[in-house]
2 protein chains.
Amino acid sequence: MEYDVYIQTCPTRLVLDRLADKWAVLVLGKLDEQPVRFNQLKREIDGISQKVLSQTLKKLERDGLVSRSVFATVPVTVEYAITPLGRTLTSTVAALTRWAEENIEAVLQAQQKYDRSA
Amino acid sequence: MEYDVYIQTCPTRLVLDRLADKWAVLVLGKLDEQPVRFNQLKREIDGISQKVLSQTLKKLERDGLVSRSVFATVPVTVEYAITPLGRTLTSTVAALTRWAEENIEAVLQAQQKYDRSA
DNA sequence: CTGGATCCACAATGATACTG
DNA sequence: CAGTATCATTGTGGATCCAG
C-alpha cells in the first residue's frame, strides 16, 4: 500500500475530506435506496439548504460516486443516482449512520457525565 | 427505531456531525492501534495543528469515545486511549480510511474525466 | 510535554433573489 | 423544477505566544 491517509499530501486525504462530510454521508445514504430528484432530496434531508445540496451533489458527481441524469420534460427533471463506485461505499456510510442511531444514548450519557464533572 | 439522522433536530445528527470529521476519523484510527501521547499523536497525524488536535480530543473525550489519563511524571505525561464505546466504532472508521486508500485511483480518474468534459 | 489564550485570514453557510 | 448569483455572517483553522 503506497497511499497513507496519515500523510498530509497524500491524495487519499482529499477523498477522506469528501467522505468525512455530514451532508455527503446523508446524500449517499438516501441515494443508496433509490434514484432521487433534486427537490425531493432537499425535502428528505432535513435542514440542508438548496445551495449546500447543490454543492454536495456536484462534488460527489465529480468524484464519480453519483450520476446526474437530465430528462427533457417540462419542466425539466433531474435525477441523481448512485454509481457502481459509489455503491462500494454505501455499506460503510450506512454503518456510520446506523452507529449514530444505535449509540446515541451512550454518547448523550457520556456527555452529561463529562459536563457534570467539569 | 425512534431516532432518524435525516431529521434535523434528531440528536443522532450531532453524533454524525462528530464522526463526519476528517480529524476525528484520523485520531480514532490512530488510537485504535494503541494509546498515544499528545505530541506523538500530533506528529503521526500529518498536518493537524495543536489547537485542532486539542479540540478534537476534547470532543471525543466528551462523547465518551476516548479516555484521557494523566501521569504525574516530570514533565507530565498524558495518554489518550480509545474506550470500549469508541472501540465499537473503529471498524467502521477504519473501513472509511481503507476505502479512501483503495479507491483513490478510481476517484482521481473520475475527477479528470469530469474536469475534461466541463 | 501538554496544552490554554489570542489574533487573524479564509472558507463555509444561510438568506434572498433571480433564471431557464 | 433545478438550479445560479450575490451578500452578509459565522465559523474554523492556522500561527504564535505563554504557562503549569
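Small disclaimer: the values here were computed from a predicted structure and weren't measured. In the text below, chain A, chain B and the rest are named by the order of the sequence lines, each starting its count at 1. Every heavy atom of this structure was used, including side-chain atoms; hydrogens, water molecules and symmetry mates were not.
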Quick one: is [N] close enough that its OP1 or OP2 comes under 4.0 Å of any side-chain N or O from [X]?
X: B/Arg37; N: C/dC1; value: no
X: B/Tyr80; N: C/dG3; value: yes
X: B/Gln55; N: D/dG13; value: yes

How many Å lie between [atom1] on [X] and [atom2] on [N], as a whole number?
X: B/Arg68; N: C/dC1; atom1: CZ; atom2: C1'; result: 12 Å
X: B/Asn39; N: D/dG20; atom1: CG; atom2: P; result: 18 Å
X: B/Lys59; N: D/dG11; atom1: NZ; atom2: P; result: 12 Å
X: B/Leu53; N: D/dT12; atom1: CG; atom2: P; result: 17 Å
X: B/Leu41; N: C/dT2; atom1: CG; atom2: C1'; result: 12 Å
X: A/Asp21; N: C/dA11; atom1: CG; atom2: P; result: 17 Å
X: A/Lys42; N: D/dC1; atom1: NZ; atom2: C1'; result: 13 Å
X: A/Arg18; N: C/dA11; atom1: CZ; atom2: P; result: 15 Å

- prompt: Stepwise, does the side chain to side chain contact (heavy atoms under 4.5 Å, CB included) test hold for B/Thr88 with A/Trp99?
  reply: CA-CA 9 Å; B/Thr88 67; A/Trp99 191 94; 3.0 Å; yes
field: A/Gln40-A/Tyr80 side chain donor-acceptor pair, cut-off 3.5 Å
entry: no
message: Quiz question: by atom type and distance under 3.5 Å, do the side chains of B/Arg62 and A/Tyr114 form a donor-acceptor pair?
response: no
- prompt: If you pin A/Pro75 and A/Lys58 to their nearest nucleotides in DNA chain D, which one's is more 5'?
  reply: A/Pro75
message: Quick check: on DNA chain D, is the nucleotide nearest A/Gln8 upstream (toward 5') of the one nearest A/Glu79, or the reverse? Name the residue that is more 5'.
response: A/Glu79
From the set [options], return the single nucleotide nearest to any side-chain atom of [X].
X: A/Ser54; options: C/dG14, C/dC1, D/dG3; value: D/dG3
X: B/Val76; options: C/dC1, D/dC1, C/dG3; value: C/dC1
X: A/Val52; options: D/dA2, C/dT13, C/dG4; value: C/dT13
X: A/Gln50; options: C/dT16, C/dG14, C/dG3; value: C/dT16
X: B/Trp23; options: C/dT2, D/dG14, D/dT4; value: D/dG14
X: A/Val78; options: D/dG3, D/dG13, C/dC1; value: D/dG3
X: A/Lys51; options: C/dG4, C/dA15, D/dA2; value: C/dA15

query: If you measure from the Lys or Arg side-chain nitrogens to the Asp or Glu carboxylate oxygens, is any gap between A/Lys30 and A/Glu44 under 4.0 Å?
result: yes
task: Inspect the contact between B/Lys22 and A/Asp21 and indicate whether a charged nitrogen and a carboxylate oxygen are less than 4.0 angstrom apart.
output: no
- request: Using a 4.0 Å heavy-atom cut-off across all strands, classify A/Phe71 as base, sugar-phosphate, or nothing.
  value: nothing
- prompt: So, do A/Ile82 and A/Leu65 sit near enough that their side-chain heavy atoms are less than 4.5 Å apart?
  reply: no
